Amino acid sequence: MSRYAIYCLPDGAFGAQGAAWLGWDAIAGRTVPVAAERSDWVTTPRRYGFHGTLKPPFRLAAGTDPEGLARAVADLAAHTPPGRAEGLSIAVLDRFVAFRPTGVSDLGRVADACVTALDGFRAPAPPEETARRRAAGLSPAQEAMLARWGYPYVLDEFRFHLTLSGRVDAPEAVRAAAQAHFTAPAPFVLDTLALCEERDGHFHLRHRFPLSGANAASA
């Protein structure tokens with residue numbers, strides 16, 4: 001059964017840099033040659049493409065379908081202002097390397113809306129998936145998020161990031177290579193929701209929906 005997700009998918013030059021870094025272009029739905037020295041670093045995130053998670057991957061609930069999900073995402077986007085961060089920096093997070101927002105950011109507001117407004121389309125996760133989440137060691141707050149929303153790192157536990165590696169032994173070396181590879185935009189603006197579908201072991205963009213809610217001009 002396919003999984004769906006709502007992602008931030010950077011496009012333009014920044015998105016192209018991300019596709020070249022990871023070896024998968026989720027927007028075009030194609031592989032991209034990746035430097036051999038990065039191959040082991042990006043094995044896990046390559047399947048997702050260069051993305052920031054807004055609503056984590058989920059299977060469709062009984063009685064729902066992809067077309068209904070797309071309509072709901074379009075409606076949500078039409079009522080949600082864009083998100084914004086002053087910039088992005090490359091950080092090490094528990095041996096993972098990722099872009100994180102810097103300065104004032106309201107990207108979490110957009111993610112919160114995606115998690116809550118679209119939850120009626122989410123089927124309960126298989127027991128083995130839930131057990132795998134718990135095996136990582138969750139705080140009580142994360143356990144509560146897992147039980148309610150199917151994923152432990154949402155809402156108050158959410159930290160927006162654009163993943164650049166799996167867990168690596170030398171994260172500072174990865175961070176240095178990423179700093180040489182990327183030119184991050186400043187400010188960073190999240191102005192679309194990307195509805196993605198998992199097929200053939202990778203996530204593919206199905207459709208983009210512009211964030212055009214009230215206050216869009218000042219977001």
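Note that these values count all heavy atoms, side chains included, but never hydrogens, waters or copies made by symmetry. The first residue in the sequence is number 1, and the count goes up from there. Here the structure is a predicted model, which is why all the values come from computation and not from measurement.
Residues Trp21 and Val42 are in side-chain contact: their nearest non-hydrogen atoms beyond the backbone lie under 4.5 Å apart. Counting heavy atoms from C-beta outward, His204 and Glu198 have side chains that stay 4.5 Å or more apart. In this structure, Val174 and Val92 have side chains that are not in contact, with every pair of non-hydrogen atoms separated by 4.5 Å or more. With contacts defined as side-chain heavy-atom distances shorter than 4.5 Å, the pair His161/Thr53 does not qualify. Under the 4.5 Å side-chain criterion, counting only non-hydrogen atoms from C-beta, Ile90 is in contact with Leu164. When side chains are defined from C-beta on, Leu205 does not count as touching Glu197, because their heavy atoms never get closer than 4.5 Å.
The cluster map of Ile, Leu, Val, Met, Phe, Trp and Tyr, joined by side-chain heavy atoms under 4.5 Å apart, puts Leu162 and Leu9 in different clusters. Both Leu76 and Tyr4 are members of a single hydrophobic cluster when ILVMFWY side chains are connected at heavy-atom separations under 4.5 Å.
The aromatic ring centroids of Phe58 and Phe121 lie 6.0 Å or more from each other. Side-chain rings of Trp24 and His51 stay apart, their centers remaining 6.0 Å or farther from each other. Two rings, from Phe50 and Phe182, have their centers less than 6.0 Å apart.
Residues that satisfy the salt bridge (Lys or Arg N to Asp or Glu O under 4.0 Å) test with Arg122, not counting sequence neighbours, are Asp119. Under the rule for a salt bridge (Lys or Arg N to Asp or Glu O under 4.0 Å), Arg132 has no partner lying at least two apart in sequence or in another chain. Annotation: side chain to side chain contact (heavy atoms under 4.5 Å, CB included) contacts of Arg30 (sequence neighbours excluded): Asp25, Ala28, Val32. By the salt bridge (Lys or Arg N to Asp or Glu O under 4.0 Å) test, Arg134 is found to be paired with Glu143, residues two or more places apart in sequence or in another chain being considered.
Between atom CD of residue Glu157 and atom CD of residue Gln142 there is a gap of 4.5 Å, rounded to the nearest 0.5 Å.
We find that Arg84 and Asp106 are not joined by a salt bridge, their nearest charged nitrogen and carboxylate oxygen being 4.0 Å or further apart.
Other members of a hydrophobic cluster containing Leu93 are absent, since no ILVMFWY side chain comes under 4.5 Å of it, directly or through relayed contacts. Hydrophobic cluster of Tyr153: the remaining members, joined at side-chain heavy-atom separations below 4.5 Å, are Val115, Leu138, Met145, Leu146, Trp149, Tyr151, Val154, Leu155, listed by chain and number.
Judged purely by atom type and a 3.5 angstrom limit, Thr80 has no side-chain atom pairing as donor or acceptor with the backbone of Ala77. Side-chain atoms of His79 come within 3.5 Å of backbone N or O of Asp75 as a donor-acceptor pair. Without hydrogens or angle criteria, Thr116 side chain to Asp112 main chain gives a donor-acceptor distance under 3.5 Å.
Taking the six-membered ring for Trp and thresholds of 30 and 60 degrees, Phe188 and Phe14 have ring planes more than 60 degrees apart, a perpendicular arrangement. Note: His207 and Phe209 have tilted aromatic rings, judged against thresholds of 30 and 60 degrees for the angle between ring planes.
Residue Asp40 qualifies as open at atom CG: its count of foreign heavy atoms under 6.0 Å is 12 or below. Residue Asp156 places its CG atom among 12 or fewer non-hydrogen atoms of other residues, nucleotides or ligands, all under 6.0 Å distant.
Side chain to side chain, Glu86 and Thr102 fail the donor-acceptor criterion of an N or O pair below 3.5 Å.
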